[in-house]
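In this text, all values refer to a predicted model and were calculated from it rather than measured experimentally. Along the sequence shown, residues are numbered consecutively beginning with 1.
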Amino acid sequence: MHQILLVDDEPYVVDDLSISLPWAEMGFEQVHKAYSGYEALELLQHYPIDIVVTDINMPEISGIELIASIRSRWKHIRVVMLTGYAEFEYARKAIEEQASSYLLKPIANDQLIAVIVKLQEELRKEWETWSSYQRTMQTFREHLPLLRDRLLSELLQGRKLSGAQLQERLAQFDLPLRTDLPVCLAVVRPEEFFRRQDMHSMLLFEYAIINIAQELFQDLFRIWSCKDVHDYLVFLLQPRDDIESDGDPADDVAQAAYQLQNHVSTLIGGGLSVVTTGWGDFPDQVYPLYQSAISAIRQHIGSETGIYLDVTDNSGSQPVEILQPLYEPPLLFHMFEASNWQGIEDKLNAITSELARNPDRSLEHIHEVRLHLETAFYYFAHKNNKMLSEIVGNPMLEQAPFQTPDKLREWALEVIVLLREHFESERRDSRTVLIRNVHEYINSNLHYVSLQAIADHVQMHPVYLSKMYKLETGKRISDYISQIKMEKAAYLLIHTPLKIYEVSAELGYSNAHYFIKLFKEYAGMTPQEFRDRSL
């Protein structure tokens, strides 16, 4: 579906064109109207317009100046120039250089339709070329390093993917890893030398470190790397299945890690600390392997530099387990921001199910979950300019510590329901106020009212306002404006002695014939017939 903009400083020309052609049948979802070059430019900034039909001879901004602005800012837009015979010689060169097509006034409808259909076909072909497979693949390849990095980062943070799902993504991203072979991690922490660099230099150094690691590991391992949330470089390693190796893969990893430290120190001049993990299933064990490496850096390396540590032996011996569903993405904070209420409930069920499933979970874990939930509740309420206690009440927030996961879940669900009901009710109320404000403004400015003027009054973007209005009322704002104008016209015809052209002017129609045409469509009779019947 396309959108078209009609521009002329004579309103009746624009108004006539807007209703005399079968725009919907021609594939136009919206017809915009502008009565000056300035108004046209304003509409172009707010709507995805495909075709502009404009008069050449307009005050303030001429049609040629309007086309020049369009060509400089919206090169994809097609422009049809309307010109009188007397202006043709003056405008011919500019029209040929800038306009997509031109027509001499007076315009026949079938002539204009033929030109517009031709331009629509040009737009369709242009879009097909733009969205072709080759262009899509080129864009995909350009973003492939970022996509690979992001996927591994998500796995490190605990994202759940089945083996089949991950295998499909690996194939898409051209990563030759297999979900039936084990993996280990090498986590690299750049030391002080690197932390003193500016961002641009650091990116170059990271690129160099990754290249050195690729050279060292690639003969024996498939390698996949990313930068994590701590600014560490993480390398996921999987033994190659296409070569024979007599050595122990763990020894090979350790040797390559030592060489990485040495090469980076010699070639770049900066130090690294490296932690390598044991082996685990792919992708299920990626998250615990990563957590074991990060824990080792925190507990055993700290501020020391140039350390190599193998955590193979203690990767699975953590005495206190982390409550993984609480911290794996998507986080509660993000789901509250998106008002994803079903996702929030599913997340709560996953957390409390994990608590109930493992009898080794302590009361401290239950308290940890409660604190996390309360923080998310406070965050969501405060971000929406509300006090949590005003929504759920102090008794809900002051309950004694919970002893079982079921009691925790019951309490959390009650708070979530109260939050949801409050903010959904508030949103409904705010939309009701918005619609009332829109109607009041229209009713007070019937002589001249536009979508942009209404949007400015309620301080919203016109596109967003249109969608909100349609969502709430089921109608377009333009439909409401037309209805109110015709109702006001009927009242004036019956209760005032105003002449037909005066009623037309009172409602903002510059052309009485156009008003009569609209009124007849509304009432099934002309304004004079309507007045005569009421006597």
Could you check if a side-chain atom of L44 sits within less than 4.5 angstrom of a side-chain atom of V52, using non-hydrogen atoms only? yes
Please examine the side chains of L166 and L155, heavy atoms only from C-beta on, and report whether any two atoms are closer than 4.5 Å. yes
Keeping the roles fixed (side chain from Q165, backbone from S162), state whether a donor-acceptor pair exists under 3.5 Å. yes
Side-chain heavy atoms of L181 within contact of F282, under 4.5 Å: no
Are R409 and D406 ion-paired here, with the side-chain N under 4.0 Å from a carboxylate O? no
Using modelled atom types only, decide if a donor and an acceptor are shared between the side chain of K485 and the backbone of L507 within a distance under 3.5 Å. yes
Taking C-beta and beyond as the side chain, do F28 and I116 meet within less than 4.5 Å on heavy atoms? yes
Would you indicate whether the side-chain heavy atoms of H230 and R189 approach each other to under 4.5 Å? no
Between V311 and S292, what is the shortest heavy-atom contact and its length? CG2-OG, 4.1 Å
State, to 0.1 Å, how close K347 and P325 come at their nearest heavy-atom pair, and which atoms those are. NZ-O, 2.8 Å
Please say whether more than 12 non-hydrogen atoms of neighbouring residues, nucleotides or ligands are located less than 6.0 Å from CD in Q459. no
Just by distance, do the side chain of S18 and the backbone of D15 share a donor-acceptor pair under 3.5 Å? yes
Assess, by modelled atom type and distance only, whether the side chains of Y509 and H447 contain a donor and an acceptor separated by less than 3.5 Å. no
Identify the heavy atoms of G343 and N340 that sit nearest to each other, and give their distance. N-OD1, 3.0 Å
Within the side chain of T352, is there an N or O that forms a donor-acceptor pair under 3.5 Å with the backbone of P405? no
Looking just at side-chain N and O atoms, do D228 and Y290 make a donor-acceptor pair shorter than 3.5 Å? yes
Within a radius of less than 6.0 Å around CD of E364, do more than 12 heavy atoms belonging to other residues, nucleotides or ligands occur? no
Between E39 and K33, is there a salt bridge with N-O shorter than 4.0 Å? no
F423 side chain near L418 side chain, heavy-atom distance below 4.5 Å: no
Of R124, H2, R78, the one forming a side-chain contact (heavy atoms from CB on, under 4.5 Å) with L119 is R78
Would you say H461 has more than 12 foreign heavy atoms packed within less than 6.0 Å of its NE2? yes
Before giving the answer on side-chain hydrogen bond (donor to acceptor under 3.5 Å, both in side chains), spell out for Y464 and H46 the whole-Å C-alpha distance, their side-chain angles and the decisive distance to 0.1 Å. CA-CA 10 Å; Y464 179 70; H46 296 298; over 6 Å; no
Side-chain donor/acceptor of D149 to backbone N/O of P145, under 3.5 Å: no
Residue pair V369, L326: steps toward the side chain to side chain contact (heavy atoms under 4.5 Å, CB included) verdict: CA-CA 7 Å; V369 174; L326 186 61; 4.2 Å; yes
Between W341 and F380, is the ring centroid distance below 6.0 Å? yes
Beyond-backbone contact of V234 with K227, side-chain heavy atoms, under 4.5 angstrom: no
So, Q157 versus E328: side-chain donor-acceptor pair below 3.5 Å or not? no
Report, as yes or no, whether the 6.0 Å neighbourhood of atom CZ on R195 holds more than 12 heavy atoms from other residues, nucleotides or ligands. yes
side-chain hydrogen bond (donor to acceptor under 3.5 Å, both in side chains) between H76 and E126: does it pass, once the steps are laid out? CA-CA 9 Å; H76 71 283; E126 182 178 276; over 6 Å; no
Does the ring center of F235 lie less than 6.0 Å from the ring center of W224? no
No-hydrogen, no-angle side-chain donor-acceptor test under 3.5 Å, Q342 and D346: yes
Go through the steps for F333 and H372 under the test ring pair (Phe, Tyr, Trp, His ring centres under 6.0 Å), then give the verdict. CA-CA 10 Å; F333 294 94; H372 193 91; 5.6 Å; yes
Within 6.0 Å of CD in E25, more than 12 heavy atoms from elsewhere: no
Take atom CE in M387; do more than 12 heavy atoms of anything else shown fall under 6.0 Å from it? no
Between A412 and L373, the two heavy atoms sitting closest are CB-CD1, 3.8 Å
Close side-chain approach of Y379 and L332, heavy atoms under 4.5 Å: no
Whether the side chain of T277 engages the backbone of L185 through a donor-acceptor N/O pair (distance < 3.5 Å, no angle test) should be reported. yes
More than 12 non-hydrogen atoms from neighbouring residues, nucleotides or ligands closer than 6.0 Å to NZ on K517, yes or no? yes
